[in-house]
Amino acid sequence: MAIVKEPEFSEAIDTTDSEQQLQIPSELPVLPLRDIVIYPFMIVPLFVSREKSIRAVDEALGENRMILLASQKDLDKEEPTADDLYKVGTAAVIMRMLKLPDGRIRILVQGLARAQIPSVDTRCEYLGARVSGL
């Protein structure tokens, strides 16, 4: 009976891919949240219905699937500006996305890390923010 030596797998493990996935860019599209706060490591389904928010989700899906979740101060504000958002949010990754027949989008997000929001850009077709770690 021949003895077969198991190949060594320690050399085949590449950690660079997992480290790159955790790299949070310095600019992210912003998804303002009305009635919820998402913390790191939470997995939450969200319904997205505002036009700017849908564009922010589309931009995130087209890039690296990362989006910044920031809670609104005033829940009734339909078009939030930089002053309407709290200065600390959560960088998150969009795990799944489903377009609904009524035009809304349902996404499943997982919080990655807390992020400070020093500035928000409202000039483009979606809200974008510069992000720095905490």
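Heavy-atom basis, side chains included; hydrogens, waters and symmetry copies ignored.
Taking 4.5 Å as the limit, every side-chain heavy atom of Asp84 sits out of range of all side-chain heavy atoms of Gln72. A 4.5 Å side-chain heavy-atom check between Glu27 and Glu63 finds every atom pair outside the cut-off. When side chains are defined from C-beta on, Pro32 counts as touching Leu127, because their heavy atoms get closer than 4.5 Å. Put simply, the side chain of Gln116 does not reach to within 4.5 Å of the side chain of Arg130, judged on heavy atoms. Taking the side chain as every heavy atom from C-beta outward, Val131 and Ser26 never approach each other to under 4.5 Å.
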Would Tyr86 and Val37 count as a side chain to side chain contact (heavy atoms under 4.5 Å, CB included) if you check the C-alpha gap in whole Å, the side-chain angles of each, and the deciding distance to 0.1 Å?
-> CA-CA 11 Å; Tyr86 287 100; Val37 176; over 6 Å; no
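Smallest separation of non-hydrogen atoms from Ala56 and Tyr126: N-CB, 3.7 Å. Of all non-hydrogen atoms in Ile94 and Ala60, the two that sit nearest each other are CD1-CB, 3.9 Å. Here the closest heavy-atom approach between residue Pro40 and residue Arg114 is recorded as CG-N, 3.7 Å. Pairing each heavy atom of Asp58 with each of Ile105, the nearest pair is OD1-CD1, 4.4 Å. Between Ala70 and Leu85, the shortest heavy-atom contact is O-CD2, 4.1 Å.
Note: the hydrophobic cluster containing Leu46 does not contain Val93 (ILVMFWY, side chain heavy atoms under 4.5 Å, direct or indirect links). If you chain together hydrophobic residues whose side chains sit under 4.5 Å apart, Ile67 and Val120 never meet in one group. Val109 and Ile24 are assigned to two separate hydrophobic clusters, defined by single-linkage of ILVMFWY side chains at heavy-atom distances under 4.5 Å. Following chains of ILVMFWY side-chain contacts shorter than 4.5 Å, one can reach Leu69 starting from Val48, so the two form part of one hydrophobic cluster. Note: the hydrophobic cluster containing Ile36 does not contain Leu108 (ILVMFWY, side chain heavy atoms under 4.5 Å, direct or indirect links).
In this structure, Gln110 CD and Met66 CE are separated by 10.5 Å, a value rounded to the nearest 0.5 Å. Annotation: the span from Ile38 atom CD1 to Thr90 atom OG1 amounts to 7.5 Å, rounded to 0.5 Å. To the nearest 0.5 Å, atoms CZ (Arg65) and CZ (Arg96) are separated by 8.5 Å. Separating the CG atom in Leu68 from the CG atom in Leu112 is a distance of 11.0 Å, to the nearest 0.5 Å. Distance check: Leu31 CG to Glu59 CD gives 13.5 Å after rounding to the nearest 0.5 Å. Separating the CG atom in Leu61 from the CE atom in Met97 is a distance of 5.0 Å, to the nearest 0.5 Å.
Counting non-hydrogen atoms of neighbouring residues, nucleotides and ligands closer than 6.0 angstrom, the CZ atom of Arg106 reaches no more than 12 such neighbours. Heavy-atom contacts from other residues, nucleotides or ligands closer than 6.0 Å to NZ of Lys99 number 12 or fewer.
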